[in-house]
Protein chains: 2
Amino acid sequence: MLLRVDAASTVPLYQQIHDQIILGLAGGGLRPGETLPAVRQLADELNVNMLTVAKGYNLLKAEGYLVSDRRQGTRVAADFQADAVFQQELATQLRLLIAAAKIRGIAAPELQQMITAQYQAFGGKQHA
Amino acid sequence: MLLRVDAASTVPLYQQIHDQIILGLAGGGLRPGETLPAVRQLADELNVNMLTVAKGYNLLKAEGYLVSDRRQGTRVAADFQADAVFQQELATQLRLLIAAAKIRGIAAPELQQMITAQYQAFGGKQHA
DNA sequence: TTATTTGTATTATATCATATATAACAAATA
DNA sequence: TATTTGTTATATATGATATAATACAAATAA
């Protein structure tokens, strides 16, 4: 899976790494059990510091997407469910997006169709 | 419309002000043409600095939600459409949310129902 | 006129997040 | 033994965030 970062973006580098791995998991470019690049290797590829990659990995580990040990490096977790914390986060972030869309005249069906399209773009069968 | 901020949150104060005004617009607690509190007054109510409120207002003005002049203070704009910049932002942010939901086993219909519920929670008729 | 209120601008300061650089450590492997 | 893994530690630099204290221009109200 190919990762890229934009140093000029206002989005922190570790957050960009985090987000792209989430997108990779949804799209099937990363699968449960698969090993990710070592922090030093990915840092070298992206021209960022080792600790920046580690910060992105650690965030994903705290969320349950990745696991690490000193034998096999960092791997995708076997499975991850939607716990209460995630449900709450999702609802909060979705509410703000919906509010902005609604006041700009975007109705519910239009937003729902965007969801349908995005789900199909990710593909239907991959991942845990 | 009542605003509150949480100084302990990781979300910047000016961003909290920004987000709550968006939610207020969607819910009808704020209407087109309505005057907002003066920066000094709101700063006093929230116990934050005047410039922090101004930063939140300025962000909303840059997005087209508010307008200011030195006569009548800061008011809600008459109308605001969904331009290309907004559409792009919406799609990007929605994609990340959908990716996270999908890999946690949340299917499209569940997400779409959340949208239906949130739209109804905001109410159907208000605002431009 | 004078005083007040509005958003805005300026200058200074403090703190935290972000990011880097460098080095070292423990655990496992080749 | 040497290498690779994630991890930890220390130090440093920069930008974002937030505050403080003034001041200004424009409009309004007394």
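No experiment lies behind these values; they were computed from the predicted model shown.
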Rounded distance (Å) that lies between atom [atom2] of [N] and atom [atom1] of [X]:
| X | N | atom1 | atom2 | value |
| --- | --- | --- | --- | --- |
| Y57(B) | dT6(C) | OH | P | 11 Å |
| L46(A) | dT20(C) | CG | C1' | 15 Å |
| N49(A) | dA17(C) | CG | P | 18 Å |
| L59(B) | dG7(C) | CG | P | 17 Å |
| H18(A) | dT18(C) | NE2 | P | 13 Å |
| R40(B) | dG7(C) | CZ | C1' | 7 Å |
| Q15(B) | dC16(C) | CD | C1' | 17 Å |
| D69(A) | dA26(C) | CG | P | 18 Å |

Here the gap from T74(A) atom OG1 to Y57(A) atom OH, rounded to the nearest 0.5 Å, amounts to 6.0 Å
Output for pair (I115(A) CD1, E110(B) CD), nearest 0.5 Å, gives 11.0 Å
Numerically ordered, the residues 2-10 of chain B set in heavy-atom contact under 4.0 Å with DNA chain D is none
Counted 5' to 3', the first and last nucleotides of DNA chain D within 4.0 Å (strictly under) of a heavy-atom of chain B are dT17(D) to dA27(D)
| said: Under 4.0 Å from OP1 or OP2 of dA19(C): is there any side-chain N or O of Y14(A) that close? | reply: no
Please determine whether a side-chain nitrogen or oxygen atom of T74(B) lies at a distance below 4.0 Å from atom OP1 or OP2 of dG7(C). yes
Next item on the list: For atom CD of Q113(A), decide whether the heavy atoms of other residues, nucleotides or ligands shown that lie under 6.0 angstrom number more than 12.
Entry: no
Crowding at CD, E45(B) (>12 non-hydrogen neighbours, <6.0 Å):
yes
Judged by nearest nucleotide, the residue sitting upstream toward the 5' end of DNA chain C, R70(A) or K55(A), is K55(A)
Among dT6(C), dA9(C), dA19(C), the one nearest any side-chain atom of M50(B) is dA9(C)
Check your understanding: Base, sugar-phosphate alone, or nothing: which one does L51(A) contact when heavy atoms must sit under 4.0 Å apart?
Key -> base
Report task. Let me see the working for L96(B) and Q93(B) under side chain to side chain contact (heavy atoms under 4.5 Å, CB included), right down to the final yes or no. Result -> CA-CA 5 Å; L96(B) 188 60; Q93(B) 294 186 28; over 6 Å; no
Smallest heavy-atom separation, Q20(A) atom then L2(A) atom, equals OE1-O, 4.3 Å
Smallest heavy-atom separation, I22(A) atom then A99(B) atom, equals CG2-CB, 3.9 Å
Mate of dG6(D) across any strand shown (Watson-Crick or G-U wobble, both atom pairs under 3.5 Å) is dC25(C)
- Task: Kindly indicate whether the side chain of L111(B), heavy atoms from C-beta on, has any atom under 4.5 Å from the side chain of L90(A).
- Result: yes
Has T52(A) got a side-chain atom pairing as donor or acceptor with V48(A)'s backbone, closer than 3.5 angstrom? no
